[in-house]
Amino acid sequence: MQSTITESSVDLTSLIKPSTSLSNFEQVDKDAANQTCEQLYGPYPSSIPVPMIHKDGRTPSPYVISKATTMWDVAEYPDHRDVGTPDEWIPRDGKLVRLTGRHPFNVEPPLSVHHEYKFITPTCLHYVRNHGACPNIKWEEHRVTVGPCVSNPLDLGMDDIVAMEPRELPVTLVCAGNRRKEQNMIRQTIGFNWGAGGVSTNVWKGVMLRDLLLMAGVSEKNMAGKHVEFIGHEDLPNKVGPGPFKDEPWGKLVKYGTSVPLARAMNPAYDILIAYEANGEKLQPDHGYPVRLIIPGYIGGRMIKWLTTINVIEHETKNHYHYHDNRILPPHITAEESLTGGWWYKPEYIFNELNINSAMTAPDHNETIDLAANIAGTYNVGGYAYTGGGRRISRVEITTDGGKHWEVCKINQIEKPTDYGMYWCWIWWNYDLKVADLVGCKEIWCRAWDEANNCQPNDPTWNLMGMGNNQVFRVKVHMNKDVNGKHVFQFEHPTQPGQQEGGWMTKLSEKPDSAGFGRLLEQGQTVKEEAAPAAAPAAKSDKLITAAEVRKHNKEDDVWIIVNNKVYDCTEYLDLHPGGADSILINAGEDATEDFVAIHSTKATKMLDKFYIGDLDTKSIAEEDEGVQEQICEKTGRKKALDPKHKQAFKLQKKTVLSRDSFELDFALQSPEHVLGLPTGKHIFLSSDVKGEMVMRRYTPITSDHDIGCVKFVIKAYPPCERFPLGGKFSQHLDSLKVGDTVDMRGPVGEFDYHGNGKFLKEHEECYATHFNMIAGGTGITPVMQIASEILRNPDDKTKISLVFGARIEGDLLLRNTLDEWREKHADRFKAHYILSDAAPEGWEESGHSTGFVGKDLFEKV
């Protein structure tokens, strides 16, 4: 007789014990109350980096590494990629995957490294997000201030901070862009390619922020609305201009900063830490030496490194990077719309608290399992999971049938909860999967849940910054044959970090669906949108404006334009326009439809809504255009070829190949007696119909008004590549031109105008210089040469020029013969220094030139 199972027959005590005793959690040591962090989580892995000292993979000898007791014992062995950069003084581990080239240093460890070390990451292999050069700060010189609106302002040295009562705990740090490359495979974001390794855990030691604030006299009463602001040491470029805060405008250089509510800062449960140690040692430079902010449960982008200032303020910080970084905007918002719509300042889109996420580290990308040898066995699938808010990961599941059935994994709960029941670290999970279950399996998915029942979604949601990407992690399973003809299961991850190749999401047929865009039709292309006129205003205006009235508004302080028979007042937008004011002023009072459509995406037309003032009275348009007006060049007395209001076709009369991807185009002017009519420092708009689409781009010619009857350009062609599968539309079109073909030109346009003898206009302001320091790369040499040639052809112009010209290889140094000739003939006024980032010929540095990347040290040297 079959027995009946009732509630009374189940040992319920096994279900109400602490979470570490549940069947899906591995047992942990219960006697933790009196143990140190090192006793609980140690011994800590080695912090000694193993630099890759040569591109062939060579490293310092094992003897050197084994004898090193700190990272500085291998300082004489810089990673070869850091040589010639401002960070050459820092020894770094060669296993770290570089995401932004050689400099700045943005890296993550391979997932295999995470799988090897699991809970505690070696400090030398912790992920790094740097915006610029790593500051070289001295312990004994560094100060941290707390103020100013406190009753007892503090000015503390590092020894003062270390003397305070310490707090030590493990915290997982996660870059907000972790797994971003998956988003970039859907549609390019404005961020670089983080893989799934942008996460690490160290044991951090420092002083509780709460203790510092109490020492400074901060009260725990009336905290509503108040914030604590944190400012770092480094000076970084301003991305967007003066900003929206009239009382605190942003300058050209800004500090990296953020703020948190005062109530959170004063709450001891949140463990906000002013940290000076990681894994039992002083911080390494890339991690904020000598002191940094740790906000458990927050994204890494809020944890200010090289901390200098703590301010208690009455409002959220107005810091540039607090707003123009770390936001998750709605999926339909493009880069243009984000600026014109004020999206960066809407508080509901800030990314502070971590969302739930997980990834698989086993199987690794391209790992294989011999089918015949293992068919009766199991494979231990594993990975990490994390969440925010101090919540515990409650379960992790995997599926092999697309989510129809899920299996609960074992969780290794190493972290001990804080006195307030908070969990600030990732967990590592695993599951013994039967190899036989892989037969017919197309994908293995994993997903995590936390104790608030947050769960990862099945599908990604694209956003402009590519942040918070947390859909289920999917590993493809392929049945292949190895080189010996054996059948194997081969595993494929979604992407590989940085510029590393591989991953199923990089393939055209494997593009996933994403909220806001749907499936991509072609790599690098979204579904083609139906062409639309400039965005119709929400409330249509009945006002009709004549063409004659529009033409009156053609000055810098009063600019109207026409786009698709709608009139817009763009005066307020001049200073904000990414292409500069001249790009708008060149169309002031005119119909700008063709130019606007040629440069901007159809989505960008929505930006015009804000400036709409009425419709064009089409009956008022003159039947005959006044046409191009003949103009005379004041310098030469000759006719000018360019017209600022009208495009004109110029015929190609000669084409010369300069290198593997660069060429010179020589166009004839209207007559052999014409001059171009281009002020020194200005550019020209070139436009053409490219496969049925009007495309327009700015270029600087290498000729001037001293050259009669012609205008010449040096062009670099950008063919299709993996990251940009369509390549450069216009550069490829120019490369395809044959003698006799024409290109439309209009100008001049630009914000710089050199008048001679060191005098110039910059954004219409008079300026003066005795020495120009110029930096150029690739075809960026052309505007440099335009100004330099004007100076050097005039013996009375004593203005000096120092040029740093960078390229990948020597053959990419365009127009070098001319530059070398100038160096020789005008040695008192012109100096040029070349720097190559890749292969350099023998004797290159001995000849006085450099390798690597442009930085402060190079400027001081040359």
Side-chain angles (χ1 to χ4, degrees), residues 17-22 24-26 28-41 118-121 165-174 176 199-214 220 223 228 230 258 260-275 277-279 292-303 351-358 384-396 411-429 448-455 468 470:
K17 290 180 181 179
S19 60
T20 52
S21 68
L22 294 177
N24 63 312
F25 283 79
E26 295 182 2
V28 297
D29 180 13
K30 297 177 183 178
D31 184 22
N34 299 316
Q35 293 180 289
T36 67
C37 278
E38 187 162 10
Q39 289 172 327
L40 287 170
Y41 307 116
K118 294 190 171 68
F119 186 66
I120 297 295
T121 312
E165 181 179 351
R167 171 82 166 109
E168 190 172 22
L169 74 164
V171 179
T172 293
L173 271 56
V174 185
V199 51
S200 303
T201 300
N202 277 182
V203 173
W204 303 93
K205 183 178 181 180
V207 177
M208 290 284 286
L209 172 63
R210 168 188 167 84
D211 292 344
L212 279 180
L213 296 178
L214 289 173
E220 294 185 78
M223 294 189 291
V228 182
F230 309 92
T258 193
V260 299
L262 176 60
R264 187 180 185 108
M266 296 297 287
N267 189 335
Y270 284 118
D271 281 315
I272 301 180
L273 201 66
I274 308 302
E277 283 189 10
N279 289 358
R292 70 170 299 164
L293 177 67
I294 297 293
I295 312 177
Y298 263 36
I299 60 166
R302 303 296 179 199
M303 304 191 199
F351 189 18
N352 282 335
E353 203 83 63
L354 288 170
N355 55 355
I356 192 165
N357 211 341
S358 70
Y384 68 75
Y386 60 80
T387 189
R391 296 181 295 275
R392 178 175 55 85
I393 292 291
S394 56
R395 72 180 188 262
V396 178
I411 290 177
N412 189 7
Q413 183 65 61
I414 296 176
E415 179 192 13
K416 312 304 182 291
T418 71
D419 289 346
Y420 297 90
M422 296 294 200
Y423 293 85
W424 300 124
C425 297
W426 59 7
I427 58 86
W428 281 80
W429 57 269
W449 298 71
D450 68 19
E451 57 189 348
N453 284 315
N454 295 309
C455 179
N470 72 331

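- The CG atom of Asp211 sits 10.5 Å away from the CD1 atom of Ile274 when rounded to the nearest 0.5 Å.
- Here Glu353 pairs with Arg264 under the salt bridge (charged side-chain N to carboxylate O under 4.0 Å, His left out) rule; sequence neighbours left out.
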- Query: When you look at Leu262 and Leu213, which way does the side-chain contact (heavy atoms from CB on, under 4.5 Å) test go after all the steps?
  - Reply: CA-CA 10 Å; Leu262 176 60; Leu213 296 178; 4.1 Å; yes
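- The shortest heavy-atom contact between Ile356 and Asn470 is O-ND2, 2.9 Å.
- Annotation: side chain of Asn454 is in contact with side chain of Arg391 (closest heavy-atom distance under 4.5 Å).
- Formation of a donor-acceptor pair under 3.5 Å by the Glu415 side chain with backbone atoms of Tyr423 is not found in this model.
- Rounded to the nearest 0.5 Å, atoms CD1 (Ile427) and NZ (Lys118) are 12.0 Å apart.
- By the side-chain hydrogen bond (donor to acceptor under 3.5 Å, both in side chains) test, Thr387 is found to be paired with Asp450, residues two or more places apart in sequence or in another chain being considered.
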- Message: What verdict does the side-chain contact (heavy atoms from CB on, under 4.5 Å) test give for Tyr298 and Ile272, after you've listed the backbone C-alpha separation in whole Å, the side-chain angles of each residue and the deciding distance to 0.1 Å?
- Response: CA-CA 10 Å; Tyr298 263 36; Ile272 301 180; over 6 Å; no
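- Across every non-hydrogen atom of Trp424 and Gly389, the tightest pair is CZ3-C, 4.0 Å.
- Looking at residues two or more places apart in sequence or on another chain, you find no side-chain hydrogen bond (donor to acceptor under 3.5 Å, both in side chains) involving Tyr270.
- Remark: Leu354 pairs with Val174, Ile299, Tyr386 by the side chain to side chain contact (heavy atoms under 4.5 Å, CB included) rule, at least two apart or across chains.
- Not counting sequence neighbours, the partners of Trp426 by the side-chain hydrogen bond (donor to acceptor under 3.5 Å, both in side chains) test are Thr201.
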- Could you walk me through whether Ile294 and Leu173 pass the side-chain contact (heavy atoms from CB on, under 4.5 Å) check? CA-CA 9 Å; Ile294 297 293; Leu173 271 56; 4.2 Å; yes
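- Residues satisfying the side-chain hydrogen bond (donor to acceptor under 3.5 Å, both in side chains) criterion with Gln39, sequence neighbours excluded, are Thr36.
- No side-chain heavy atom of Lys416 sits less than 4.5 Å from a side-chain heavy atom of Gln35.
- Note that CG of Asn357 and CD1 of Ile393 are 9.0 Å apart. Values are rounded to the nearest 0.5 Å.
- Side-chain atoms of Val203 and Leu40, non-hydrogen and from C-beta on, never get closer than 4.5 Å to each other.
- In this structure a side-chain-to-backbone donor-acceptor pair under 3.5 Å is present from Asn202 to Thr121.
- Distance check: Ile120 CD1 to Glu38 CD gives 10.5 Å after rounding to the nearest 0.5 Å.
- In terms of the salt bridge (charged side-chain N to carboxylate O under 4.0 Å, His left out) criterion, residue partners of Glu220 (sequence neighbours excluded) are, by chain and number, Arg210.
- For Tyr41, the ring pair (Phe, Tyr, Trp, His ring centres under 6.0 Å) partners at least two apart in sequence or on another chain are Phe119.
- Within the model, atoms OG1 of Thr172 and OH of Tyr384 stand 10.5 Å from one another, a figure rounded to the nearest 0.5 Å.
- Across all non-hydrogen atoms, the minimal contact from Cys425 to Pro170 is SG-O, 3.2 Å.
- Applying the side chain to side chain contact (heavy atoms under 4.5 Å, CB included) rule to Ala263 yields the partners Met223; only residues at least two apart in sequence or on another chain are considered.
- With sequence neighbours excluded, the residues satisfying side chain to side chain contact (heavy atoms under 4.5 Å, CB included) with Pro166 are Lys205, Tyr276.
- Between the side chain of Trp204 and the main chain of Glu277, no donor-acceptor pair closer than 3.5 Å is present.
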- Item | Candidate pair Leu273 and Val171, rule side-chain contact (heavy atoms from CB on, under 4.5 Å), full reasoning | CA-CA 10 Å; Leu273 201 66; Val171 179; over 6 Å; no
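- By the salt bridge (charged side-chain N to carboxylate O under 4.0 Å, His left out) test, Arg167 is found to be paired with Asp271, residues two or more places apart in sequence or in another chain being considered.
- A side-chain donor-acceptor contact under 3.5 Å links Asn355 to the backbone of Gly468.
- When all heavy atoms are compared, the tightest approach of Arg302 to Ile295 is O-CD1, 3.7 Å.
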